[in-house]
Amino acid sequence: MSINNTTVIVVGGGAAGMMASVIAARNGNQVILLEKNDKLGKKLYITGKGRCNLTNACDMDDLFQNVVTNPKFLYGSFYACNNFDIINFFEEIGLKTKIERGNRVFPESDKSSDVLAVLLKELKHLGVDIRYNSEVSEILVKDNCFCGIKIKSKPEIVHGDKVIIATGGLSYPATGSTGDGYRFAKNMGHTVTKLYPSLVPMNVAEVSTIKELQGLSLKNIHITITSKKKEIYSDFGELLFTHFGVSGPVILSASSYCIPYMENKDLVLSIDLKPALSKEQLDTRILRDFDEFSNKQYKNALDQLLPRKLIQVIIALSNIDPEKKVNLITKEERSRLVELLKGMEFHITRLRDYNEAVITRGGILVKEINPSTMESKLITGVYFAGEVLDLDALTGGFNLQIAWSTAYSAGNAV
């Protein structure tokens, strides 16, 4: 590693900040990493329910298809540092990985702390100057060029030649993601698009139904979300009923597409509980069960068809007398049951807030950023990486891949 006289300041010690610091240091720069917390990677530590879904081992087409906002901007950074490069990067610095369902990549140990440990070890090995409890209050610019950093509550100015801003978004503010980067960008003349919580659970209007279903997880269901009867999202996956509404991977991904429609206040979530069966096949299946349990009451004849927690709700919504013997249920009543199982509806009232959002949608306008280097087109020597940019993707490791790739591009360019 050759040493040069360039001092690079990285603001933010999350995923993007740590990666940018490693790459910048490997290129021989003197790197100062400023972190407002007393430790690095507080948000990374809780991702993937504490397991840290590092990336996704899909092909490049799928990688781009899972980016919701501005996928074309990522062409250069994704090809410079793709998902398999990231797997190799972590393997090389001592983290064993594994691939699970949906091509999601995790540390073999299932511990996000191991991800942080290898990154910290690499930062120290490269001589990165990590300064904790160093909250940046201002990015200093002179003649449209970066010149230094002011630290909150400290008198000194940290001088540098270049800065990489990797301060994250607004999601999980308790981890330190409080939107600092957006303020820095605006003060330098950058445009910040409207910000929303994304990959977030949803509240629904059917409160009494939800209370009965709270804690129930449904796998392999199909959801459709419509606005004014227009389909805006459709997918298979896993759904979880909560005390306020719905969550789970398929719901979090759907929230990315619901954001532009929330003001319409007419979003309808339809859940197909039996997506593998057509209506005709489902009717045949129900008839078979009813024949088997011909002397049973309706309330006792759905055990083989549905989870126990769902049965009472379906019985109530189907408007069929629960005491009725199944051999007396009419074709019309059975048809109602089929329609319900193929399209159980809930009315979405709102998305949850930043405290529960995985990411922030919106950010620094990418037209003002060089897509190959992540450098500002307005201020020389200022670079951005990660969630602070107007880039977001679905669940499955894709948002962390955006962080790694944009940070790689920035760290490689300084």
Open item on the list: Exactly one of Ser112, Ser177, Ser171 should register a side-chain hydrogen bond (donor to acceptor under 3.5 Å, both in side chains) with Lys43. Which one does?
Closed with: Ser171
Task: Nearest heavy atoms of Tyr45 and Ser113, plus distance in Å - done: CE1-CB, 3.9 Å
Open item on the list: Which residues pass the salt bridge (charged side-chain N to carboxylate O under 4.0 Å, His left out) test with Lys228, not counting sequence neighbours?
Closed with: Asp266
Task: Among Lys49, Lys98, Lys96, salt bridge (Lys or Arg N to Asp or Glu O under 4.0 Å) partner for Asp110 - done: Lys98
TODO: Could you tell me whether the side chains of His159 and Thr7 share a donor-acceptor contact shorter than 3.5 Å?
DONE: no
Open item on the list: How about CG on Asp303, more than 12 heavy atoms from neighbouring residues, nucleotides or ligands closer than 6.0 Å, or not?
Closed with: yes
Open item on the list: Less than 6.0 angstrom separating the ring centers of Phe64 and Phe78, yes or no?
Closed with: yes
Task: Between Tyr298 and Ser318: side-chain donor-acceptor atoms closer than 3.5 Å - done: yes
TODO: Heavy atoms only: give me the nearest Ala15-Leu44 pair and the separation to one decimal.
DONE: CB-CD1, 4.0 Å
- [ ] Could you tell me whether Glu122 and Arg26 have a side-chain N and a carboxylate O separated by less than 4.0 Å?
- [x] yes
Task: Taking every non-hydrogen atom, the tightest pair across Asp392 and Ser256 - done: OD2-OG, 4.3 Å
Task: Ionic contact status for Lys279 with Glu339, cut-off 4.0 Å - done: yes
Task: Short side-chain donor-acceptor distance under 3.5 Å, Thr167 and Glu387 - done: no
Task: Minimum heavy-atom distance between Ser227 and Leu267, given as atom pair plus value - done: CB-CD2, 3.6 Å
Task: Test: Lys154 and Glu135 ion pair at under 4.0 Å - done: no
- [ ] Answer yes or no: is there an ion pair linking Asp289 with Arg285, defined by an N-O contact shorter than 4.0 Å?
- [x] yes
Open item on the list: With heavy-atom distances below 4.5 Å as the criterion, would you say the side chains of Phe384 and Ile369 are in contact?
Closed with: yes
- [ ] For Asn70 and Phe73, indicate whether the former's side chain and the latter's backbone hold a donor-acceptor pair under 3.5 Å.
- [x] no
Open item on the list: Under the side-chain contact (heavy atoms from CB on, under 4.5 Å) test against Leu199, which residue among Val68, Leu351, Thr360, Val358 passes?
Closed with: Val358
Task: Side chains of Val31 and Ser21 in contact at under 4.5 Å (non-hydrogen atoms) - done: yes
Donor-acceptor list for residues 407-414 side chains, cut-off 3.5 Å, not counting sequence neighbours:
{"residue": "Ser409", "atom": "OG", "partner": "Ser405", "partner atom": "O", "Å": "3.3"}
{"residue": "Asn412", "atom": "OD1", "partner": "Asn27", "partner atom": "ND2", "Å": "3.0"}

Open item on the list: Please check this pair: side chain of Asn29 against backbone of Ala25, looking for a donor-acceptor N/O pair closer than 3.5 Å.
Closed with: no
Open item on the list: Taking the six-membered ring of Phe290 as reference, does the cationic atom of Arg334 (NZ for Lys, CZ for Arg) lie under 6.0 Å from its centre and within 45° of its axis?
Closed with: no
